[in-house]
Structure formats: C-alpha cells, structure tokens
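See structure below.
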Amino acid sequence: MIKVTLKDGSVMEFDNGITAGEVAERISAGLARAALAAEVDGEVRDLGYKLEKDCNLNILTFDSEGGRNAYRHTTSHVLAHAVKRLYPDAKLAIGPAIENGFYYDFDVEKPFSPEDLAAIEKEMEKIIKEDLPLERFVLPREEAIRFMEERNEPYKVELIRELPEGEEISFYRQGDFVDLCAGPHIPSTGKIKAFKLLQVAGAYWRGNEKNKMLQRIYGTSFPKKSELDEYITRLEEAKKRDHNKLGRELGYFTTVDYIGQGLPILMPKGAKVIQILQRFVEDEEERRGYMLTKTPLMAKRELYKISGHWDHYRDGMFIIGDPEDFENENAEIFALRPMTCPFQFQVYLSKLRSYRELPMRFNETSTLFRNEASGEMHGLIRVRQFTISEGHIACMPEQLEQEFAGCVDLANYMLKTVGLDTDVTYRFSKWDPANKEKYIGTEEQWEEVQGRMREILDKLGIPYTEAEGEAAFYGPKLDIQIKNVHGKEDTLITIQIDFLLAEKFGMEYIDRDGQRKHPYVIHRTSIGCYERTLALLIEKYAGALPTWLSPVQVRVLPIIDKHHEYARKVLAALREKGIRAEVDERNEKIGYKIREAQMEKIPYMLVVGDKEAENSQVAVRSRKEGDLGAMPLEDFIKKIVYEIETKAK
RNA sequence: GCUGGUGUGGCGCAGCGGUAGCGCAAUUGAUUCGUAAUCAAUAGGUCAGGGGUUCGAAUCCCCUCACCAGCUCCA
C-alpha cells in the first residue's frame, strides 16, 4: 500500500502501482472526466503514470497550466498525425503547447494554403473520432535514433542526438503515428472536444534564420465548443482595438507608399497626443533634476567607431554615402543616429567633471533612426524613425543603486499616470556568453555589472524574468515589456547599466581622492518611444483616451444655426482655459452630430440650443455616461479642468 | 531579410478575360430640427506602380512598392 497526499491535504491509501487516472476515478467520476494529466511530487505526468511510492498527487484539469498544456500538446500531435496522413512526405519538427494554443512545425515541399488547413482539420476530426489511446514508451538512445531514421524524420534524429546524456528518451504512439515527446499527454485523442487551426506561417528550424524555414501551423483547443467560440470572439474583439486599424480610422496617423516603410505620418490628432506626453515627460524630468539637451540627428562615422556602433550596430543604421567608401578611411561618411548616447555624452565631456557634480542627469526628446529589416515594421509599434524620451545619468558607483531606483520610479510613475502600469512585465536582459562577438567588453566586466544589476533589482523587489541574449551591446537592461492586441510583446521602457562606453569615450570625474575615475552610465527612457506608447494607449483604451490625453476634449454641438454664435462663445471660453475644443457647425440634426462625435471618441459633447444660450449653460453629454443634463458653463469648465489636471482615467 | 496572404473612389466591399459597380462618407439643394444616422440630387477611380501575354487585362504572367500575420531581429 502507498500513501497518496492530495491537493487538499487529505491522505488516501492505494495499492502500489495504481495509476494517477485511477486515483482520479476513486475520488469522483466528475474529476475523472475532467482529468487531463497529473502532478506527482511536482512533476507533470500522464494519467497512466503508475504511483509506486508515497507521493503528493494533484489531478490536473483544463483549469491548470499543466492540464491545458497536456490537452493542447495532444491536439498538436493530432495535427501532426493528420498532416502525416495527408502528406506522408512531411517531416516533423516540433509541436509544443503555447500560451493560448499550440503549433506544429513541418518541413513540406509546398507551403500549406488556407484550403489545406480546412482539409487537415477534417482529418483531425477523424482522428479524434477514432478515439486513439496515447501510449508512452521509452527507447535507448541508439535505438531511438534508428527508429526515427527508419521513419525518415531527420529533425527528430537531430533532437535525440542533442538530448543530454542520461535523459530518458520517450515516445508517444497514437494509432500508426509516433512522435518523440517528453509528454505528458491526455489518455486518448477522443478527449479533444473543440479545436481550430488558426493560421500558417513560416518559422526557422530552431529559431535560427540560417536554418531552413519550416511551415508552422498554429491552432488552439478547448474542452468545450462554447469556450473555443468565446476565445475566437475575444480574438476578434481584440483586433478591433488594433491601433493600426483604429489609429488610422480615427485619424491619428497614416502611411504613404512612396514615403516608405516604417515612416508613419502623424496627423494632427496623433501629433497632439505625442506633444501632450512629451510636455508631461519633460516637465516631470525637469522636476527630477534632469537637464535638457538637444543634440544632432547625425554624425560622422568616427563617433560611431568610438561608441562601437560602427562595428556592432552598423546593420541597424542608415548610413549616408556610398557603401563603396565604407572601407576607405579618408572618406567622410555620415550616419543618422540610432541612439542618443554618444551624442549626449559630449555634454559630459565638454569639461572636466568633479565628483561634486555627480550624479548628472541629462534628458532629451530624441528622434532616432534605425534601419529595421523590411518585414519588421508594424503600425506605430515598430518604425524606422521614432522619438524617444531618452536620458543618460552619469554617476559614481556608490550612487548607482539610488539613481537606478530613481529611473524605475520615474518609469513606474509614467506608466501609472497613463494607465499602462498593470499591463507590463519586467525583464532582466542579459548578454549571451555563447555569442561574445555581439558585445563589447570582457566576460569579467559583464559578469560584474550583471551581478550588480541583479543585486539592485532584487533589493528593489522588482518581479523580473531573466532573458539571455537580450542585452544591449554595451550593457545589461531592465526592460519593461508590454503586449499588443495580438499578444506580441515589445519593450516599452528600458533602463540600462553601462560601464563600458564611459571608458571608450574617456568620460571621467575627479574623485575626492584626486584620482580620475570613470563614472557609471545609466541609459534610460521614462516613457519609452512616443509612437509606440501612443499605439499601446490607443489599444488599451480602444481609441477612447482619457480626457487629459484626448486630442479633442470637447465638441460643441449647436442645435441649429441660430445657436452658432453662442456655440462660438462657449468655444472661446473653453479655449481660454486651455481645453481643446471645436464646434460642429454643420447643417445636421443633433443626433447625427452626437453619433459622429461619439464614434470619434470625443470625451465631452456640449449640446447648445435656446435653453442653454439663455442661461449661459451647456447640456453635457459624456462619451462614457451619456446625457448628464444641462449645467452652467462655468461648472462644466471646473469639472473638466479638474479631470484634466488630475489626469483622471 | 524569410514564409504566406492582401492591394479596386476617403472608408468598407463586389466584379476575376469583353465599355468599372454597391453601401457609407463627401459636395450641392431642400429641411431649422433637443441626445447614436432627415430627404433628394451630384460629383469622385491612372483598379498600388512598372513590364509582358492577348484583338481586348482590374481580371492571366513577371518585377517592384506598400499593407497584414508569423519567423528572425529589436525601442
């Protein structure tokens, strides 16, 4: 007999060798039905896993990550099974469960078309109907390799060869389909109740662009049809908030073929929001002791040679001049700046600095140019020219922690104010020791500064994840990440510690002891890139930005033309207080004007007719709450000014 | 950069080898109206750009550009 401790702490006794699934059956029929996998002493296992000693057991259903992953992972096997039936020559790569579904990569002669997906879905239905049990088996390494060689699966052979010594090499079989797989899986294909293939895309084998591009099929699955439908609806709803659609519709920005990719035109509304954000950021930075600079947008390559950009970032730069001259030392070559650091450092370098001057904080609303690869551009989120709330702090080692904390505080204050604070995650971006040539500096220097950064992050209690190979070429970063409506993650704000560029540029200060020393440099943004921030705000608020950020805050709607005069008076009074307002003087019915203002997401509509004109009132309609009734114009102004000043959401 | 998809009046779409169409928006006229679409008329298109096939191309083929999703890369 063995003792099994369940999730609720209760202990049950069973015969040795009972499976996790059988335990579920003993607990309740309902649990057995919902059971997908099991967690045994912290390890996720199949329900068929035999319990052979005392253990902690947690039966996993779709509500748990482990259960969901098993369910979707099995769906990906069904996908692969269907593809193999329809395209026997397809070679299998990998097919994991991912956040909201699964994918499977195939090497096929001809890419899958959307019609192919429909056929594959049909075949999957059949496999599910056949209710094939999934059986796990293990092979020794050599046999495993021979097995997959016989099945003509070179990618699987490669995977097996790279499995660490001593690792159990397991396979799962369902009918005539077998896949190399660590598992776990649900007991049979018939358990899959609702699934859908969502899209096909190319994906490099092992994520390396030097490797062959495979065909990836994405899909998702749920235990209930209704949950799948709900998920699809949610995806569609999210896409309606897409800034790239909404931002264009609402007149925030546009693009023009003959201007070029990644070069959006900010229209009056977009430009206004960015100006509001910029003023807010610059004012706040000034309060926090930053000194504003304005430095050139381009420089000779000599500057970038010192900074390392010429050797480590050249592909990302727009270089002005004949590429044939690049190797000619005497040619004068300019490049648009991809970062502000080497420029802003010149301010520090303009005279000899004393420790008394440190920390020195410089900020700049800085336009940058990066030659992104052509497939990378995306609305306002990834562009080739953008403006960033850039800043650099030079400080002594003993000031590093406090200055770093100040940057984090500023970033969080910005996020909170614009309402994005609950949507971000923190990433500690480190270098990749296997790829040293991508970075400047030595291994010792990197290990030291990363250790320092980790200490600071831990002390500040920042809940970060770690990412190798995501550092800047000159130092590690704390990246504040955010996801767009498609679930794609991008960096919104970054705070970086740099100990190398100060040395390269000869930045020094005279310390108390009279010695020349290199300062630490913190590269940081406070709200990141304005274009990207605007995009994410549009998505967050579905275009209905908080009043303080709205490009048009009030639209005055006269009932008929005899009210135009009073409407203009109202307009003047609003503008007097700095409220962004306009009048709709078109010869249209009031319902029509309201509908348009509502669709343009203008926070307040002021309806003015005889009653209002007589009493110096306005009939207020809020885009959120609808008709608020008439009130004195003065009262409305007080109300909206308060809302704007408090930056209410 | 790679894989796949898309490109028709301001926007959303139809047409897929035989004179370019619909809805909304726009303009003009009428209507003077109280909280999400008043009525009528009118105008607007090198069918992304270039090349080719054809008696004839929005439609078929090639190249380029842009847009979308994914990969890779990155703020």
Side-chain angles (χ1 to χ4, degrees), chain A residues 103 105 110-114 116-117 198-218 239 242 244-245 248-249 251 254-263 313 315-316 338-339 366 368 370-379 381-384 386-390 429 469-470 472 477 479-482 486-494 496 523 525 527-533 557-563 586-599 605-612 619-623 626-630:
Chain A
Y103 68 78
D105 287 346
K110 221 172 69 192
F112 299 112
S113 69
D116 294 337
L117 281 199
L198 298 169
Q199 57 172 325
V200 222
Y204 300 107
W205 167 236
R206 317 205 100 174
N208 186 335
E209 63 180 326
K210 292 193 181 80
N211 290 340
K212 182 160 187 187
M213 181 161 267
L214 310 175
Q215 292 299 311
R216 174 172 297 178
I217 298 178
Y218 283 95
K239 278 179 191 146
D242 187 343
N244 208 0
K245 188 175 187 304
R248 288 170 196 272
E249 277 171 11
T254 187
T255 48
V256 175
D257 288 10
Y258 45 81
I259 285 184
Q261 267 195 309
L263 298 169
Y313 207 82
D315 286 348
M339 298 179 194
S366 178
L368 303 179
R370 294 189 186 174
N371 192 4
E372 300 288 344
S374 64
E376 311 296 350
M377 264 62 77
H378 170 58
I381 288 183
R382 274 295 280 288
V383 291
R384 280 181 167 155
F386 54 96
T387 300
I388 194 169
S389 53
E390 182 87 90
S429 299
E470 297 288 346
K477 312 190 284 177
D479 290 321
I480 303 184
Q481 304 290 108
I482 190 159
H486 296 108
K488 189 178 163 82
E489 188 179 277
D490 274 297
T491 301
L492 191 58
I493 296 176
T494 180
Q496 315 169 353
H523 305 235
T525 65
I527 207 171
C529 155
Y530 289 101
E531 291 83 351
R532 183 172 285 183
T533 303
L557 310 178
I559 303 267
I560 55 168
D561 48 13
K562 71 171 170 176
H563 305 121
R586 292 175 307 168
N587 179 9
E588 296 291 351
K589 289 170 84 168
I590 197 66
Y592 185 88
K593 294 182 184 181
I594 287 171
R595 179 182 153 81
E596 295 232 316
Q598 192 77 38
M599 291 198 307
M605 292 151 259
L606 300 183
V607 177
V608 295
D610 287 336
K611 277 181 283 178
E612 291 74 20
V620 180
R621 185 188 169 96
S622 140
R623 94 188 142 191
D627 192 354
L628 300 180

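Labels below follow one simple rule: chain letters A, B, ... track the order of the sequence lines, proteins then strands, and each chain is numbered from 1. Everything quoted here is computed from the prediction, not taken from an experiment. Values reported hereafter were calculated over all heavy atoms of this structure, with side chains retained and with hydrogens, waters and symmetry mates removed.
Taking atom C1' in both B:C63 and B:G44, one finds a spacing of 31 Å when rounded to whole Å. As rounded to the nearest Å, B:U35 and B:G45 have P atoms that lie 39 Å from one another. Between B:C13 and B:C47, the two C1' atoms lie 14 Å apart (nearest whole Å). To the nearest whole angstrom, the two C1' atoms, one in B:C73 and one in B:U3, are 16 Å apart. Nucleotides B:U8 and B:A57 have their C1' atoms positioned 14 Å apart, rounded to a whole Å. Using P as the reference atom, B:G18 and B:G56 are 15 Å apart when rounded to the nearest Å. Comparing the P positions of B:C22 and B:G9 gives an interatomic distance of 15 Å, to the nearest angstrom. Distance check on atom C1': B:U32 versus B:U38 gives 12 Å, rounded to whole Å.
In this model, no side-chain donor or acceptor of A:Gln598 finds a partner on the base of B:U35 within 3.5 Å. For A:Glu612 against B:G34, a side-chain N or O and a base N or O form a donor-acceptor pair under 3.5 Å. Residue side chain A:Arg382 reaches the base of B:C73 through a donor-acceptor N/O pair under 3.5 Å, judged by distance alone. Taking only distance into account, the side chain of A:Tyr204 never meets the base of B:G70 through a donor-acceptor pair shorter than 3.5 Å.
Considering A:Thr525, A:Thr494, A:Ile493 in turn, A:Thr525 is the only one that fulfils the side-chain contact (heavy atoms from CB on, under 4.5 Å) rule with A:Ile388.
Nucleotide B:A40 forms a pair with B:U28, judged by Watson-Crick or G-U wobble geometry with both contacts under 3.5 Å. In this structure, B:G56 forms no base pair with any nucleotide, since neither Watson-Crick nor G-U wobble geometry is met with both distances under 3.5 Å. Base pairing of B:C33: no nucleotide in any strand meets the Watson-Crick or G-U wobble criterion (both distances under 3.5 Å). The pairing partner recorded for B:U19 is none, the criterion being a Watson-Crick or G-U wobble arrangement whose two distances lie under 3.5 angstrom. Partner assigned to B:A66 is B:U6, using Watson-Crick or G-U wobble distances below 3.5 angstrom. Figure legend. B:C74 is base-paired to no nucleotide; pairs are counted as Watson-Crick or G-U wobble with both atom distances under 3.5 Å. Nucleotide B:U46 is matched to nothing when pairs are restricted to Watson-Crick or G-U wobble geometry with both distances under 3.5 angstrom.
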Filtered N/O pairs between nucleotides 44-50 of chain B and protein, under 3.5 Å:
none

Between the protein and nucleotides 24-29 of chain B, which nitrogen or oxygen pairs are less than 3.5 angstrom apart?
residue : atom : partner  : partner atom : Å
B:A26   : OP1  : A:Arg586 : NH1          : 3.4

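The closest side-chain heavy-atom distance from A:Lys239 to A:Lys245 is not below 4.5 Å.
Between the side chain of A:Lys593 and the backbone N or O of A:Pro558, at least one donor-acceptor pair lies under 3.5 Å. A donor-acceptor pair is defined here as one N or O able to donate and one able to accept, closer than 3.5 Å; such a pair exists between the side chain of A:Arg370 and the backbone of A:Pro338.
Proximity of A:Gln261 to the phosphate of B:C67: a side-chain N or O atom is located under 4.0 Å from OP1 or OP2. The phosphate of B:A69 has OP1 or OP2 within less than 4.0 Å of a side-chain N or O from A:His378.
Summary of the strand contacts: A:Asn208 and A:Gln481 both lie near RNA chain B, and taking for each the nucleotide with the nearest heavy atom, the more 5' one is attributed to A:Asn208.
With a 6.0 Å radius and a threshold of 12 heavy atoms from other residues, nucleotides or ligands, A:Asn208 has its CG atom above the threshold.
To the nearest 0.5 Å, the span separating CZ on A:Arg623 from CD1 on A:Ile594 amounts to 15.5 Å.
B:C2 atom P lies 9 Å from atom CE of A:Met213, rounded to whole Å.
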